[in-house]
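So that the names make sense, note that chain A is the first sequence line, chain B the second, and so on, each numbered from 1. Below, all heavy atoms of this structure are taken into account, side chains as well, without hydrogens, waters or symmetry copies.
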Number of protein chains: 2
Amino acid sequence: MSRMAAKDRREELIAAAFRVMIREGVTKATTRAIVNEAKMPLGVFHYCFNSREELLQEVITRFTDSWTERVRKMSGTEGDLGSRVTKSLSAFWESVELSPGEHQVSYELTHYALRQAGFEELARRQYQHYLEAHQELLTEAAESTGIEWAVPIPVLARYLNSVLDGVTLTWLVDRNSEHSREILRLTGEQLLSLARERH
Amino acid sequence: MSRMAAKDRREELIAAAFRVMIREGVTKATTRAIVNEAKMPLGVFHYCFNSREELLQEVITRFTDSWTERVRKMSGTEGDLGSRVTKSLSAFWESVELSPGEHQVSYELTHYALRQAGFEELARRQYQHYLEAHQELLTEAAESTGIEWAVPIPVLARYLNSVLDGVTLTWLVDRNSEHSREILRLTGEQLLSLARERH
DNA sequence: ATCCAGCTTGGTCAACCGTCCAAGACGCTG
DNA sequence: CAGCGTCTTGGACGGTTGACCAAGCTGGAT
């Protein structure tokens, strides 16, 4: 194998682990499966990482960061509240149908973290960031369209996050795209009914 | 060990497996952990089950059946639509806070089934039954209070199921009971806004 | 040219896993 | 009591896993 800095190898291993997880699930992402995917000898693994858990931790944090960033970019910048909400929800759903594996892995990682001693905080941080991203989305939408929400933003953000989580999970199981889209449309309407003129 | 029919041992093993899963997670429910929990020698396992998968399959189907039955019993039988909805949602949430482990295991089993070859159908059946249970709940509530839903029942049932799934999952991570209850209250209101006089 | 920190590699280890089996013990039936 | 289906048990097998290590290699600094 050509010589490579440990830092660079870490990156490639993380990317390889991510691919394996999407293809075969988190539990199947063993040290051997990962180095095999990265086309590296087994010994590399524990030269770059102290443990498999350390890699998993890295995967989780990167996953969280990349997804929150993507949520932030879903914010539309023009049009009235209705079209902005619709556009955001459509963008979300597009990402789900485009890469279902990523979302499936996301759930698996959450449940893995909830069970793994010392990882609970990572799961909490994950959802904390999701909720904050949705809060920003709602806040910005309200401010730039001159309305205010009839419900506290943190609660509304959690409502939004929950619906998206639930509809995604259900879709991952039965792949009913038609009904899923209907729910997002319905959710959009419900959201609009909670907006009122700023007093 | 005192003599016992294989059928009876199967039941005890299933129950033991269930306890182990709640305590330590689905992946930790190994054949040895299960027989140890049931205080039986290891050899018993493959005398009662052809494989670990066969046990898992049994656990999943029983879990599904027991939960759908519980959902059906959440249907209130008196009062107007508003109080019935509130009561059902409260009953649901009570069950979540009372036994979080069961719900956590439910998610883990779903994701396990989605990855296990030949188990996809089991996961589909699980959510199919949940959706049907919610449909019955909504239908019965509408009929006995003289209203009709402004949205097709299957879609509304999926909406309800998604919200409950999402809020439960989020709560399992951050345990924010206050906000979770707020969401259920909000969901109840949204539901009521979708009910109209039968024409 | 020498040196040395950093990188590479294959093999090895103990632990754990699902599965299987031989040999025996039990208890009902004829 | 003899026979036989059913249950019981401890041990064993092959495979996989995370982790570790000794030995060698590489390439830039001195």
Side-chain angles (χ1 to χ4, degrees), chain A residues 1-21 23-60 108-109 111-113 115-119 122, chain B residues 1-21 23-60 108-109 111-113 115-119 122:
Chain A
M1 202 93 210
S2 63
R3 217 174 159 76
M4 194 185 305
K7 290 280 178 194
D8 296 340
R9 258 188 217 284
R10 275 178 70 104
E11 296 305 313
E12 289 207 12
L13 283 173
I14 290 171
F18 193 59
R19 291 197 299 273
V20 173
M21 286 179 193
R23 191 170 358 106
E24 313 187 40
V26 171
T27 59
K28 301 281 188 64
T30 65
T31 57
R32 283 170 178 79
I34 293 169
V35 296
N36 192 42
E37 170 78 20
K39 296 191 174 71
M40 299 178 186
L42 177 58
V44 169
F45 194 95
H46 283 87
Y47 181 73
C48 297
F49 295 94
N50 289 322
S51 67
R52 178 175 177 267
E53 286 193 13
E54 188 178 310
L55 199 182
L56 268 291
Q57 187 163 337
E58 202 66 38
V59 170
I60 293 176
E108 292 177 5
L109 286 175
H111 288 295
Y112 169 84
R115 292 291 187 187
Q116 201 72 10
F119 275 59
L122 233 54
Chain B
M1 203 92 208
S2 64
R3 218 174 158 77
M4 194 185 305
K7 289 280 178 194
D8 297 339
R9 257 188 217 284
R10 275 177 70 102
E11 297 304 314
E12 290 207 12
L13 283 172
I14 290 170
F18 194 59
R19 291 196 298 274
V20 173
M21 286 179 194
R23 190 168 3 111
E24 313 187 39
V26 170
T27 58
K28 302 281 188 63
T30 65
T31 56
R32 284 170 177 81
I34 293 169
V35 297
N36 191 43
E37 170 77 20
K39 295 190 174 70
M40 298 178 187
L42 177 58
V44 169
F45 193 96
H46 282 87
Y47 181 74
C48 296
F49 295 95
N50 288 322
S51 66
R52 177 174 176 268
E53 286 193 12
E54 189 178 310
L55 199 198
L56 268 292
Q57 188 161 337
E58 202 66 39
V59 170
I60 292 176
E108 292 177 6
L109 286 174
H111 289 294
Y112 170 86
R115 292 289 187 185
Q116 200 71 10
F119 275 58
L122 233 53

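Put simply, CZ on B/Arg52 is 9 Å from C1' on C/dC17, counting in whole angstrom units. Remark: P of C/dC16 and CD of B/Glu24 are 13 Å apart, rounded to the nearest angstrom. Note: NZ (B/Lys39) to C1' (D/dT8) measures 18 Å, nearest angstrom. As rounded to whole Å, 15 Å separates atom P of C/dC20 from atom CZ of B/Phe49. As a whole-Å value, the separation of A/Phe45 CZ from C/dT8 C1' is 16 Å. Look at CE on B/Met4: it is 7 Å from P on D/dT8, rounded to the nearest Å. In this structure, A/Asn36 places its CG atom 11 Å from P of D/dT17, rounding to the nearest Å.
Scanning all heavy atoms of the two residues, the minimum distance from A/Lys28 to A/Glu24 falls at CG-O, 3.1 Å. Residues A/Thr27 and A/Arg52 share a closest heavy-atom pair of O-NH2, 4.2 Å. Looking at every heavy atom in both residues, B/Ile34 comes nearest to B/Ala29 through CD1-O, 3.6 Å. Shown here for B/His46 and B/Asn50, the closest heavy-atom pair between the two residues is CD2-O, 3.5 Å.
The salt bridge (Lys or Arg N to Asp or Glu O under 4.0 Å) analysis of residues 35-49 of chain B, with sequence neighbours excluded, yields the pairs B/Arg19-B/Glu37, B/Arg23-B/Glu37.
Note that CZ of B/Phe18 is 13.5 Å distant from CD of B/Glu58, once rounded to the nearest 0.5 Å.
Contacts of B/Tyr47 with the nucleic acid, taken as non-hydrogen atoms under 4.0 Å apart, include base atoms. Within the 4.0 angstrom heavy-atom criterion, no nucleotide atom of any strand lies near B/Met40.
For DNA chain D, the residues of residues 7-19 of chain B within the heavy-atom distance limit of 4.0 Å (strictly under) are B/Arg9, sorted by number. For residues 26-35 of chain B, proximity to DNA chain C is found at B/Thr30, B/Thr31, B/Arg32, defined as any non-hydrogen atom under 4.0 angstrom from a strand atom.
Residue B/Ala6 is the one, among A/Ser51 and B/Ala6, whose nearest nucleotide of DNA chain D lies closer to the 5' end (criterion: closest heavy atom).
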Going 5' to 3' through nucleotides 20-30 of chain D and flagging B where a protein heavy-atom sits under 4.0 Å of the base, S where only the sugar-phosphate is that close, and - otherwise, we get ------BS---

N/O donor to acceptor pairs below 3.5 angstrom from side-chain atoms of residues 1-14 of chain B, sequence neighbours left out:
{"residue": "B/Arg9", "atom": "NH2", "partner": "B/Ser2", "partner atom": "O", "Å": "3.2"}
{"residue": "B/Arg10", "atom": "NH1", "partner": "B/Cys48", "partner atom": "O", "Å": "3.0"}
{"residue": "B/Arg10", "atom": "NH1", "partner": "B/Glu54", "partner atom": "OE2", "Å": "3.0"}
{"residue": "B/Glu11", "atom": "OE1", "partner": "B/Arg62", "partner atom": "NH1", "Å": "2.7"}
{"residue": "B/Glu11", "atom": "OE2", "partner": "B/Arg62", "partner atom": "NH2", "Å": "3.0"}

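Residues meeting the side chain to side chain contact (heavy atoms under 4.5 Å, CB included) test with A/Thr30, sequence neighbours left out: A/Arg32, A/Ala33. For A/Glu108, the side chain to side chain contact (heavy atoms under 4.5 Å, CB included) partners two or more places apart in sequence, or in a different chain, are A/Val26, A/Gln104, B/His111, B/Arg115.
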Apply side-chain contact (heavy atoms from CB on, under 4.5 Å) to residues A/Thr31 and A/Leu55 and explain how you reach the verdict. CA-CA 10 Å; A/Thr31 57; A/Leu55 199 182; over 6 Å; no

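Two residues are said to be in side-chain contact when any heavy atoms from C-beta on lie closer than 4.5 Å; A/Met21 and A/Leu109 meet this criterion.
The end-to-end axis angle of the helix from C/dA1-D/dT30 to C/dG30-D/dC1, rounded to 10 degrees and based on five pairs per end, is 20°.
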